[in-house]
Amino acid sequence: MYLHCDAVTKYFDEKLIFKNVSFEASTGNSIAIIGPNGSGKTTLLRILCNLMQPTEGIVKYKHNGNVLLKQQAYRYFSLIGPYLELYEQLTARENLTFFAKMQDIPNYPNLLTRLMQRMNLSGREDDPVKTYSSGMKQRLKYVFALLSEPKILFVDEPRANLDEEGIDTVYSILTEQRKKGILIIATNDSEDLKFADYKVTVHA
Amino acid sequence: MNPVYVVMIINLIIWAGIFGYMLNLSKHMSALRKKLNKLSDNEH
Amino acid sequence: MVKKIWNTILFVWMSGVIVGAFIWATQQKALKEYTRIIYFHVPVSWITVLAFLIAAVYSFLYLKKRLLKYDAYAEAANQLGFLFAVLATVTGSIWAKVSWGTFWNWDPRETSIFILLLIYAAYFALRSAIEEQDRRAILSSVYAILAFVTVPFFVFIVPRIYFSLHPDPVINQTGEVNMDFKQRVVFFSSLITFTAVFVWMLKTKFEIAVMRLRIKKLEREK
Amino acid sequence: MRKAWLILQKDIQQEFKTRFAVNAILLFAVVTLTAVSFSIGTYSASQEILAALLWIILFFSAMSGLSHIFVREEETHTADTLKLVALPVNVFWGKFFFNLILLILVEIIIIPLYFAVMNFVVIHTSFFILVMLLGSLGLTGGGTMVAAIISKASAKGALFTVLSFPILLPVLVSAISATNSAVGNDPVSLTGNAIQTMIAYDVVIITASVLLFDFVWNE
């Protein structure tokens, strides 16, 4: 797996968010996107995930040497971020079953149980997401993201809303992801930066 | 009312509409041109 | 210089059409003096449709090429279209009052122009409700195209369902046969004049749009 | 298409928990029906007027409920999550069928009520059902697409009706004239035309929506 971000520039109308952000990453790499608040870390992540168009520049994905089209690329990555919510009225199981089926994940019930256990959420599968605390929601987002066993994992603020124990689990996940795929985190936390091979700074 | 006046009124409305609009446009345009000149002057 | 010559020609031509319409052209028996309205009212209505078409084309181009310029062009065409639609509606309404007795009676063509007015108004309402310009450009382009594909249906339904009071069928029952030579000359020259005036206005609007975009670009480079 | 079915299932599941859209659209339909019924009162309106009123009630009910499906995704910030797992075309079909089911459900409840309260008599029943079906397809097709557009704008509610009306007018007008034939008011020749127009409209609006949806969803 290979990700190439070439001279990406984003404007919101006349306001420059960032200019000429370039980097590349292949399996085994991890990258931290850093920058002060409001510098556009989240915007960059959204552009990398095809959720938003850059004003200039391109984002390219390659798998086994082939360039992936937009409609293929989304199978290979997952995103965890504060703006990415699950369906509040549905239970965790309903949510995850829906997403698993949408992504054609074989054998998802097993995977689901395992991930729920790992994120310390077992027993809460059949509660609606709206009854979860914010920390639990964050952990549930990890379950959602890992369900598709992504080649690239994008994480916006890995530690958001988590307690000590949660952070430990998340760190172990990040370590694993870094070994078997590409890990990209947006953060300002020096602790998180340990997971990064190198840093990309965004600023206007 | 004499029909020819009706026709004239209609004609007048059309041309007044078009010219009024164009007048407004040209005013707008000169304002923009001024602004553009000022901006490109600042460049150098 | 070339522009000045063109403007002079256009002006002379325009005056010629007006004079021709009032003095030279013969009157239709059924319509008497009101024949003359056709030379002004019909071209204005035609331009309403033309502007709508141009706007749809530029909207399509925007979605293809993603250049903000095209979106600005589509907006400009729609603004002019709205102006001409208002002119056509007002003049048509006066005509309707003096010849049929009411300002408005949902005659097929009145219905069509009214729908175009609605679409134009909806288009601007949509634009004003979206802040970010890329998003505004995409959504309003999609809306313009969506409206464009539904408009032809009125050509089929409306005339079949409602009875028309409009004199065009009276004049054009078998094509343009019922217009005599003088009328035809004036009518088509007028059509050409109005189209030329429209093109000129559109070009000016485009120029303004390009200038606006350049100002924005310069401002953001600072 | 299987994915579209999954999205439809998900939306129905979600709808079952809150019943927001169903309640909104159904209550709206009942309220308008009551208002119409009261205002006509003991006067007997002609079947022609009743046919038009029926479609006006259905149109405004649709306007009150059909946008919910996209507005909800945007407002709960789940649209991005859905974008990460689904192709636009599947999203469109899922939402389209949800709205279609919603509208038909409302029709099943409102139309018998309308017959009962308004003294509305349909002579050609199967023809009437065909008209309702074609009309609903058109309303849903255009309505779903406009809903997708307005879910990304501000002042969503007011905008939805304003934007939908000119686009839905052809199908509305043909549906009214076809319903007129169904109550035995119009010569048969007119019937064919209205039905043809509706079929053509449904095909065109749904095709255009499928082609354009990509731009709106992944804007």
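By convention in this document, chain letters (A, B, ...) are assigned in the order of the sequence lines, proteins followed by strands, and residues within each chain are numbered from 1.
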Among D:Thr207, D:Ile205, D:Val204, which residue has the highest count of heavy-atom pairs closer than 4.5 Å to chain C? D:Val204

Would you please go through residues 131-138 of chain C and name the residues with a non-hydrogen atom below 4.5 Å from one of chain D, in numerical order? C:Arg135, C:Ile138

State whether the side chain of D:Ser37 and the backbone N or O of D:Leu33 hold a donor-acceptor pair below 3.5 Å, judged by distance alone. no

Do the ring planes of C:Phe124 and C:Tyr120 sit parallel (below 30°), tilted (30 to 60°) or perpendicular (above 60°)? parallel

As a test of understanding, state which of C:Tyr58, C:Tyr123, C:Tyr73 forms a side chain to side chain contact (heavy atoms under 4.5 Å, CB included) with C:Asn78. C:Tyr123

Are D:Lys10 and D:Glu73 close enough for a salt bridge, meaning some N to O gap below 4.0 Å? yes

With a 4.5 angstrom heavy-atom cut-off, is it the side chain or the backbone of D:Ala158 that approaches chain C, or both, or neither? neither

Parallel, tilted or perpendicular: which describes the rings of D:Phe96 and D:Phe92, with under 30° parallel and over 60° perpendicular? parallel

Side chain to side chain contact (heavy atoms under 4.5 Å, CB included) between D:Val146 and C:Leu146: does it pass, once the steps are laid out? CA-CA 9 Å; D:Val146 175; C:Leu146 203 65; 4.3 Å; yes

Quick one: of D:Leu163, D:Val162, D:Ile150, who has the most non-hydrogen atom pairs under 4.5 Å with chain C? D:Leu163

Side chain, backbone, both or neither: which part of C:Arg127 has an atom under 4.5 Å from a heavy atom of chain D? neither

is_close_aromatic(C:Phe60, C:Tyr70), centroid dist under 6.0 Å: no

Mind checking what makes ring-ring contact (aromatic ring centres under 6.0 Å, His included) contact with D:Phe70, not counting sequence neighbours? D:Phe213

Among the options C:Leu63, C:Leu116, C:Ile145, pick out the one with the most heavy-atom pairs lying under 4.5 Å from chain D. C:Leu63

Bottom line for D:Leu159: the part with an atom under 4.5 Å from chain C's heavy atoms is side chain

What orientation do D:Tyr201 and C:Phe153 show, parallel under 30°, tilted 30 to 60°, or perpendicular over 60°? perpendicular

